Amino acid sequence: MNFDISENQTMIAQMIRDFGEKEIRPKMMEWDEAQEFPIDLFKKLGGLGLMGVLVPEKYNGSGFGYHEYVTAIVELSKIDGSIGLSMAAHNSLCTGHIMQFGNETQKEKYLPKLATGEWIGAWGLTEPNTGSDAGNMKTVAVQDGDYYVINGAKNFITHGKSGDVAVVIVRTGEVGDSHGMTAFVVERGTPGFTGGRKENKLGMRASETAEMIFDNCRVHKDQMLGNVGEGFIQSMKILDGGRISIAALSLGIAEGAYLAALQYAQERHQFNQPIAKFQGISFKLADMATKIEAAKLLIYQAADLKNKGKSVNKESAMAKLYASEIAVEVANEAVQIFGGYGFTKDYPVEKFYRDVKLCTIGEGTSEIQKLVISRAILK
Ligand SMILES: Cc1cc2nc3c(=O)[nH]c(=O)nc-3n(C[C@H](O)[C@H](O)[C@H](O)COP(=O)(O)OP(=O)(O)OC[C@H]3O[C@@H](n4cnc5c(N)ncnc54)[C@H](O)[C@@H]3O)c2cc1C
């Protein structure tokens, strides 16, 4: 495995740092407090090629691989995890699903709009009563001639209200049959498809999380991705790749919190010396730095395999499990190093601390990652 940072990665990192300092950092606490999804920012990210990082250039994407994708998410999330989360969900889930399983007509229709940020994408698997157990979903699609009529609701969907287009996985067969689900692309404005309640969240508050409601929503069979019965299996493959992006999101938040704590520990004096001189603090920083490096290795291993077209089922689960768990620990220690100031909104670590918890939950909880890993190593 090659750990050298490529020229493209260096260029992307610098571009995002410059953009982030100007366009994200000055406004991110306002978005957080108001729980505002800054949709115009994502149009600008589209202009930078960050809404179609993995999309081939022929569909107006950037045509990069997973190393560049990881770099982009890490750099955005070092500043604001909400922006990293929305960017990752748009790229990996909605756009990724159409790119991987759409036919040529569907790719030509949707990918250029998604890759440029003209359209924001959503991806709906989770339902109110079926999260980890997504295969038990209740939203149904019943065939009626050339159309399918969708009824039901998806919840916790990133861009569930603001998304211009959604990939939605619905039941077309028996409950309990992994071949009983099918994926469709549904455009905003299709009669019977509406956004529902927006969640009021602990963290990731600038990333919109909302219900999607389907009430006799008629979708032409040409909107199906792949074939009838392939939706659940497609989704599991999409999540295998998506988990690399949530691991990168975790890494970015961990790095952001660690760097803030590293600087603060050298500036803050107590007992006539910088607090970094106390072994109790310097050892925390040593642990944080070590965990971050270990997470990075797991993430780049998974990214490397993905670039080579190999299975990443176990490796992406390991990267996501480890990176998200250590990111929670790192953010917690960062707040501790800041002391009382870490508990205030004057410093960035309280936001990292709130945002990071999503990483052990979204795209499969830590327990579900352990299920995936144990199945892979026990077979
Ligand atoms: C901010 C945010 C954004 C999201 N974005 C999207 C999105 O864009 N699209 C989408 O489809 N979904 C999205 N989700 C949903 C997310 O993927 C689910 O919340 C997640 O998969 C967990 O499902 P659940 O919340 O129903 O928890 P549950 O499945 O009810 O789990 C509750 C607890 O039980 C544990 N548990 C469940 N099953 C097992 C088991 N077999 N063994 C051991 N423990 C188990 C879990 O680990 C967890 O600790 C989002 C969620 C959030 C919070």
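For ligands, and for the atoms within them, numbers begin at 1 and follow the listed sequence. If you're wondering where the values come from, they're calculated on a predicted model, not measured in any experiment. Hydrogens, waters and symmetry mates are skipped; everything else that's a heavy atom, side chains included, is used.
- Protein heavy atoms all stay at least 4.0 Å away from atom 35 (C) of ligand 1.
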Audit row: Asp144, Arg218, side-chain contact (heavy atoms from CB on, under 4.5 Å) steps and yes/no: CA-CA 9 Å; Asp144 179 17; Arg218 289 173 72 80; 2.9 Å; yes
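- For atom 8 (O) of ligand 1, the nearest protein heavy atom (residue, atom name, distance) is Thr158 N, 3.0 Å.
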Please table the atom pairs, donor to acceptor, closer than 3.5 Å between any side-chain atom in residues 257-265 and protein atoms at least two apart or in another chain.
{"residue": "Gln263", "atom": "NE2", "partner": "Glu267", "partner atom": "OE2", "Å": "3.0"}

Name each donor-acceptor pair under 3.5 Å that joins a side chain in residues 41-65 to protein atoms two or more places apart or in another chain, with its distance.
{"residue": "Lys43", "atom": "NZ", "partner": "Gly117", "partner atom": "O", "Å": "3.4"}
{"residue": "Lys43", "atom": "NZ", "partner": "Glu118", "partner atom": "O", "Å": "2.8"}
{"residue": "Lys44", "atom": "NZ", "partner": "Glu23", "partner atom": "OE1", "Å": "3.0"}
{"residue": "Tyr59", "atom": "OH", "partner": "Glu104", "partner atom": "OE1", "Å": "3.0"}
{"residue": "Tyr59", "atom": "OH", "partner": "Glu104", "partner atom": "OE2", "Å": "2.7"}
{"residue": "Ser62", "atom": "OG", "partner": "Gly49", "partner atom": "O", "Å": "2.7"}

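- Within the 4.0 Å heavy-atom criterion, both parts of Leu125, backbone and side chain, lie near ligand 1.
- In this structure, atom 20 (C) of ligand 1 lies nearest to the protein heavy atom Ile361 O, 3.6 Å.
- In this structure, Met204 has no heavy atom closer than 4.0 Å to ligand 1.
- Around atom 44 (N) of ligand 1, the closest heavy atom drawn from Met137, Glu199, Glu367, Lys201 belongs to Glu367.
- The backbone N or O of Lys113 lies less than 3.5 Å from a partner atom in the side chain of Thr116, making a donor-acceptor pair.
- Atoms of ligand 1 found under 4.0 Å from any heavy atom of Thr365 (numbered from 1 in listed order, with element): 22 (C), 46 (C), 47 (O).
- Between Lys296 and Glu255 there is a salt bridge, since a side-chain N of the basic residue sits under 4.0 Å from a carboxylate O of the acidic one.
- The ligand atoms of ligand 1 that sit less than 4.0 angstrom from a heavy atom of Ile157 are 7 (C), 8 (O), 9 (N), 10 (C), 11 (O).
- The presence of a protein heavy atom under 4.0 Å from atom 4 (C) of ligand 1 is confirmed.
- Contacts between Thr126 and ligand 1 below 4.0 angstrom, taking non-hydrogen atoms only, involve backbone and side chain alike.
- Distance remark: protein heavy atom not present below 4.0 angstrom from atom 30 (O) of ligand 1.
- Heavy-atom contacts from other residues, nucleotides or ligands closer than 6.0 Å to NZ of Lys138 number more than 12.
- Around atom CD of Gln273, more than 12 heavy atoms belonging to other residues, nucleotides or ligands sit under 6.0 Å away.
- When hydrogens are left out, the protein atom nearest atom 13 (C) of ligand 1 is Phe156 O, 2.9 Å; that is the closest non-hydrogen contact.
- In this structure, Arg25 places its CZ atom where more than 12 heavy-atom neighbours from other residues, nucleotides or ligands lie under 6.0 Å away.
- Contacts of Glu363 with ligand 1, taken as heavy-atom pairs under 4.0 Å, involve the backbone alone.
- Among all non-hydrogen protein atoms, the one lying nearest atom 52 (C) of ligand 1 is Leu358 CD2, 3.6 Å.
- Between Lys291 and Glu293 there is no salt bridge, since no side-chain N of the basic residue sits under 4.0 Å from a carboxylate O of the acidic one.
- Atom CD of Glu30 sits in a sparse spot, with 12 or fewer heavy atoms from other residues, nucleotides or ligands closer than 6.0 Å.
- Here's the thing with Trp123: one of its N/O atoms is less than 3.5 angstrom from an N/O atom of ligand 1.
- Nearest-heavy-atom check against atom 41 (N) of ligand 1 across Ile368, Leu85, Asp133, Ile169 picks out Ile368.
- Annotation: atom 27 (O) of ligand 1 to nearest protein heavy atom, Ser132 OG, 4.2 Å.
- With respect to atom 24 (P) of ligand 1, the closest heavy atom belonging to the protein is Gly131 CA, 3.9 Å.
- A salt bridge does not link Asp304 with Lys310: every distance from a Lys NZ or Arg NE/NH1/NH2 to an Asp or Glu carboxylate oxygen is 4.0 Å or more.
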